[in-house]
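Just below is one structure, and these are the notes that go with it.
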Amino acid sequence: IFLPPLLLQTTDALDNELEIYNNLSNYISYNQSIAKILSSDQSTYQNYEQVASVIDPLLSSIMYFHDDVKQVTIYTDACQVKHGSTIAPITTLENEEENYGMVGDNQIHWIVNAKDKTAYSLNRMAMLEQKKAKGLLYVGVDYDSVFQPFNNETVFDNYGVVIEDAEGNCIFKKSVFTEEKQPYELSEEQFFATVGQKNSGYQFIKRESKASGWKIWIYKPDRLIISSVQPILIIAAAAILVILLLFANLTNRHHRVHISIFIMIKTGMESWMKVNQHLNWMEVLIFCIRGCLFTDYMNRSQIGHLRSH
């Protein structure tokens with residue numbers, strides 16, 4: 001009942017966060033000044049001077065205004081000497097050919113490693129490539145900041161979150177189970193083995209991140225779903241009792257007696273639900289209505305008896 005809205009909210013928050021990083025990446029990728037400096041045919045000294053006065057401050061300002069951005073580096077074949085952490089030969093990028101081929105035109109590719117807790121995006125330097133040079137923009141972001149929406153405290157419990165990338169790798173996993181319900185948590189291997197099964201004993205809901213293409217899953221055991229809605233059912237049933245009893249007591253001078261009866265029924269109902277957890281919400285609602293009708297019947301019978309005397 002509550003998990004689909006939670007998944008929608010957290011996924012939208014994740015996309016908003018990723019879009020900020022993607023916009024920063026595109027701003028650098030399509031920057032004509034950067035492309036002009038890196039592709040220009042000038043002396044090493046002139047090139048160094050322009051990189052230090054234009055490119056360095058630009059890339060450093062991104063990290064200054066965004067604490068969660070840890071590294072911004074342009075890897076390109078337009079330079080052969082590394083310049084601090086801002087410019088580096090593309091040959092120094094790990095898995096250069098694989099990464100370059102993986103990043104398509106106008107497409108930002110996110111690479112996340114849950115074990116090492118690293119997250120970064122790769123984006124082709126579009127304006128640089130128009131000048132016949134090869135370039136990839138690397139934007140490294142704090143891992144925990146990327147997945148902050150899923151680490152925020154919620155009022156819900158006894159569910160798990162798994163996020164997988166486009167290649168099917170688990171890049172984030174979190175469980176929100178109470179200590180006594182911990183056995184219901186699924187390991188990474190158990191999750192991928194269970195998610196496609198029918199009658200697995202778990203409910204799975206999924207959304208896809210528009211900004212990254214990641215699949216975000218939330219799972220919850222079937223047995224714990226009814227226990228999650230019981231407090232709401234009790235409140236709803238209590239509200240129904242109040243409305244019915246107040247309506248029945250509009251013309252009754254002895255309303256205090258029936259308010260006392262309502263309190264007794266509500267208290268007894270809460271105890272009864274703890275014992276009868278196997279019943280569904282419809283059965284609980286029928287029980288509450290029957291209790292109200294019986295109370296009202298007893299009330300009217302008592303009034304009729306008093307009036308006859």
Side-chain angles (χ1 to χ4, degrees), residues 12-113 118-143 145-148 165-166 209-214:
D12 287 346
L14 172 67
D15 279 341
N16 291 337
E17 193 72 20
L18 292 178
E19 284 296 344
I20 293 175
Y21 306 134
N22 290 347
N23 289 338
L24 292 173
S25 179
N26 282 328
Y27 173 72
I28 299 299
S29 173
Y30 288 91
N31 189 290
Q32 294 185 1
S33 298
I34 293 177
K36 182 178 180 180
I37 293 172
L38 292 178
S39 61
S40 63
D41 185 14
Q42 55 187 357
S43 67
T44 303
Y45 174 78
Q46 290 176 319
N47 184 271
Y48 174 85
E49 187 179 42
Q50 288 193 327
V51 168
S53 61
V54 178
I55 299 180
D56 281 355
L58 182 60
L59 301 189
S60 298
S61 66
I62 293 177
M63 292 184 287
Y64 178 81
F65 289 108
H66 300 272
D67 293 339
D68 42 352
V69 177
K70 302 303 180 183
Q71 180 183 343
V72 182
T73 304
I74 298 173
Y75 292 92
T76 177
D77 60 359
C79 79
Q80 305 302 320
V81 180
K82 184 178 180 181
H83 178 85
S85 62
T86 54
I87 310 293
I90 197 168
T91 54
T92 62
L93 177 64
E94 185 178 358
N95 302 322
E96 170 216 337
E97 293 296 332
E98 178 184 349
N99 286 330
Y100 191 82
M102 182 171 51
V103 181
D105 294 336
N106 301 318
Q107 179 185 12
I108 298 175
H109 191 81
W110 281 89
I111 300 175
V112 180
N113 188 309
T118 57
Y120 62 90
S121 69
L122 292 175
N123 190 12
R124 286 193 182 186
M125 294 292 295
M127 298 306 297
L128 190 60
E129 292 194 346
Q130 287 186 7
K131 298 181 179 297
K132 309 304 179 183
K134 193 176 180 180
L136 278 177
L137 176 64
Y138 175 107
V139 179
V141 183
D142 179 68
Y143 177 89
S145 297
V146 172
F147 300 105
Q148 183 59 45
D165 61 16
S209 164
K210 297 178 181 178
S212 62
W214 298 337

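Please read these numbers as outputs of a predicted model, since none were measured by experiment.
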side-chain contact (heavy atoms from CB on, under 4.5 Å), that's the test. Do Asp67 and Asp142 meet it? Break it down for me.
CA-CA 9 Å; Asp67 293 339; Asp142 179 68; over 6 Å; no
Verify side-chain contact (heavy atoms from CB on, under 4.5 Å) between Ile55 and Ile37, making sure each step is shown before the conclusion.
CA-CA 9 Å; Ile55 299 180; Ile37 293 172; 4.1 Å; yes
Mind running side-chain contact (heavy atoms from CB on, under 4.5 Å) on Leu136 and Leu93 for me, showing each step along the way?
CA-CA 9 Å; Leu136 278 177; Leu93 177 64; 3.7 Å; yes
Set out, in order, the CA-CA distance, both residues' side-chain angles and the distance that settles side-chain contact (heavy atoms from CB on, under 4.5 Å) for Val72 and Thr86, then state yes or no.
CA-CA 6 Å; Val72 182; Thr86 54; over 6 Å; no
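With contacts defined as side-chain heavy-atom distances shorter than 4.5 Å, the pair Trp214/Leu18 qualifies. Val81 has its side chain out of reach of Pro89: every pair of non-hydrogen atoms, C-beta onward, lies at least 4.5 Å apart. Within the 4.5 Å cutoff, side-chain heavy atoms of Ile74 are placed close to those of Leu38. Side chains of Asp165 and Trp110 form no contact here, defined as non-hydrogen atoms less than 4.5 Å apart. A heavy-atom distance below 4.5 Å is not found between the side chains of Ile34 and Leu128.
How far CD of Gln80 is from OG1 of Thr91: 7.0 Å, rounded to the nearest 0.5 Å. The line from CD of Gln71 to OH of Tyr120 is 10.5 Å long, rounded to the nearest 0.5 Å. A distance of 4.0 Å separates CD1 of Ile28 from CG of Leu58, quoted to the nearest 0.5 Å. Once rounded to the nearest 0.5 Å, the distance linking OG of Ser39 with CE of Met125 reads 10.0 Å. Glu17 CD to Asn22 CG: the interatomic distance, rounded to the nearest 0.5 Å, is 11.0 Å. Taking OG of Ser25 as the reference point, atom CG of Leu137 lies at 4.5 Å (rounded to 0.5 Å).
In terms of the side-chain contact (heavy atoms from CB on, under 4.5 Å) criterion, Ser60 has no residue partners (sequence neighbours excluded). Lys210 meets the side-chain contact (heavy atoms from CB on, under 4.5 Å) test with Asp15; sequence neighbours excluded. With sequence neighbours excluded, the residues forming a side-chain contact (heavy atoms from CB on, under 4.5 Å) with Met127 are Tyr30, Gln32, Ala35, Gln130, listed by chain and number. Taking Gln148 as the reference, Asn151, Asn152 meet the side-chain contact (heavy atoms from CB on, under 4.5 Å) condition, with sequence neighbours excluded. With sequence neighbours excluded, the residues forming a side-chain hydrogen bond (donor to acceptor under 3.5 Å, both in side chains) with Ser212 are Ser209, listed by chain and number.
Of the possible polar contacts, none joining the Thr76 side chain to the Ile90 backbone as a donor-acceptor pair under 3.5 Å is found. A donor-acceptor contact shorter than 3.5 Å links the side chain of Ser53 to the backbone of Glu49. The closest donor-acceptor contact from the side chain of Ser29 to the backbone of Arg124 lies under 3.5 Å.
Remark: of the listed residues Val139, Leu122, Asn26, Asn26 is the sole one forming a side chain to side chain contact (heavy atoms under 4.5 Å, CB included) with Ile108.
Nearest heavy-atom pair, Ala78 versus Ala133, reported as atom, atom and distance to 0.1 Å: CB-CB, 4.3 Å. Residues Val146 and Leu14 share a closest heavy-atom pair of O-CD1, 3.2 Å. Closest of all the heavy-atom pairs between Thr73 and Ser85 is OG1-O, 2.6 Å.
Side-chain polar atoms of Ser145 and Asp68 form no donor-acceptor pair below 3.5 angstrom.
Pairs of residues two or more places apart, or lying in two chains, that qualify as ring pair (Phe, Tyr, Trp, His ring centres under 6.0 Å) and include a residue from residues 50-84 are Tyr48-His83.
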